[in-house]
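Please read all numbers here as calculations on a predicted model, not as lab measurements. Indexing begins at 1, ligand by ligand and atom by atom, following the structure's order.
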Amino acid sequence: MIVINKEKCIRCGSCVRDCIIKILKSGEDGMPYLPDKLERCCLNCQHCLAVCPTGALTCNGVSAAQCEPLRPLPRPEDMLSLLRQRRSVRKYKNESLPPEILEKLKESLAWTPTGCNAHSLMFRVVETKEEMTFYREETNRMIMKLVNTGIMRWIYPAINRFLEAIQNGEDVIYRGAPHMIVAAVPKKAPCAEADPWIALSYFDLLLQSYGLGSCWCGFAVHAFKWNKTLKKQLGFPKGYKIAAVLLFGKPDVTYHRATAPENFKILT
Ligand SMILES: Cc1cc2nc3c(=O)[nH]c(=O)nc-3n(C[C@H](O)[C@H](O)[C@H](O)COP(=O)(O)O)c2cc1C
């Protein structure tokens, strides 16, 4: 529901022009309104709320007073350094992050864009070392079982490279990370393939700005799909598909420069 404070509204039409699905209309007096029959089409993107210069709009119960004021953004050169200096970290300090940092990181997830603004993603942040140990032990147990039955050769031929390390007790899957975030999505979400990866990529950039390290964990995604014990522990509801896993924590490795990667082909 969109509520307009008629005293604050200056009838500039910004909200009508920026309504992404064009359901906000302008009345004869220039006052915006949302026809009742179009209300169910509202995506709750809150663009009308964000674009209103006088904060006259309340969008589905959220008023301008509840939104953060604008603050200066990082400069382009700072953003570029962040992109250049991000590395996949495969060695972590054996330390959990302070709860207040974990809270800030979790809070940031709300701002990820999702297809059709579906907002149906669900996340699981593993916060304790004990729980990470559970995932490590269960995943390694599963790998050894799959290797012994010969199935692994078919599912993940590359695991051979890691077998000796796993047998020696090295954590080649979770890399000793103290935390991970798992993104799951309803199978029928409009952009189920893209949303989880975008969300964790945004999360990743915030991690970098805190000086933290991260690494995508493709194998964990597979492990969570195959292993009922692991899947159950994560606790996602039925109908949700586990899509992406990002390990994170304080890095125990120092990089002294950015890399100089090969350029992608960019067609113009
Ligand atoms: C979709 C995706 C899956 C990945 N899966 C893994 C993984 O399972 N284990 C791992 O160590 N690194 C994984 N990586 C990290 C890549 O290997 C890494 O990004 C690449 O080597 C470049 O290094 P950089 O991230 O430090 O620039 C993954 C990266 C992406 C984008």
S.K.: Look at atom 27 (O) of ligand 1 and say which protein heavy atom is nearest, naming residue and atom and giving the distance to 0.1 Å.
M.R.: R87 NH2, 2.9 Å

S.K.: When you compare the side chains of Q233 and E138, does any donor N or O come within less than 3.5 Å of an acceptor on the partner?
M.R.: no

S.K.: Of Y174, W216, F203, which is the lone residue that meets ring-ring contact (aromatic ring centres under 6.0 Å, His included) with F248?
M.R.: F203

S.K.: Side-chain heavy atoms nearer than 4.5 Å, only ILVMFWY residues, links allowed to pass through others: does that put F236 and L121 together?
M.R.: no

S.K.: What residue and heavy atom of the protein are closest to atom 7 (C) of ligand 1, and at what distance?
M.R.: W216 O, 3.2 Å

S.K.: Provide the number and element of each atom of ligand 1 under 4.0 Å from a heavy atom of W197.
M.R.: 1 (C)

S.K.: Taking the side chain as C-beta and beyond, is there a heavy-atom pair between E127 and S96 under 4.5 Å?
M.R.: no

S.K.: Strictly below 4.0 Å, N to O, side chains only: are E77 and R75 in salt-bridge contact?
M.R.: yes

S.K.: Which residue holds the protein heavy atom closest to atom 21 (O) of ligand 1, what is that atom called, and what is the gap in Å?
M.R.: R90 NH2, 4.0 Å

S.K.: Looking only at non-hydrogen atoms, find the nearest pair between A199 and L109 and report the distance.
M.R.: O-CD2, 4.3 Å

S.K.: For ligand 1, which atoms sit closer than 4.0 Å to a heavy atom of R175?
M.R.: 11 (O)

S.K.: Output the list of atoms in ligand 1 that are nearer than 4.0 Å to some heavy atom of C217, sorted by atom number.
M.R.: 8 (O)

S.K.: Identify the closest protein heavy atom to atom 8 (O) of ligand 1: which residue and atom is it, and at what distance?
M.R.: G218 N, 2.7 Å

S.K.: Hey, mind stepping through T259 and Q85 against side-chain hydrogen bond (donor to acceptor under 3.5 Å, both in side chains) and telling me if it holds?
M.R.: CA-CA 8 Å; T259 57; Q85 289 164 220; over 6 Å; no

S.K.: For ligand 1, which atoms have a heavy atom of C215 less than 4.0 angstrom away?
M.R.: 10 (C), 11 (O), 12 (N)

S.K.: Please write down residue, atom name and distance for the protein heavy atom closest to atom 23 (O) of ligand 1.
M.R.: S88 OG, 3.9 Å

S.K.: Number the atoms of ligand 1 from 1 as they appear, then name those within less than 4.0 Å of a heavy atom of F219, with their elements.
M.R.: 8 (O)

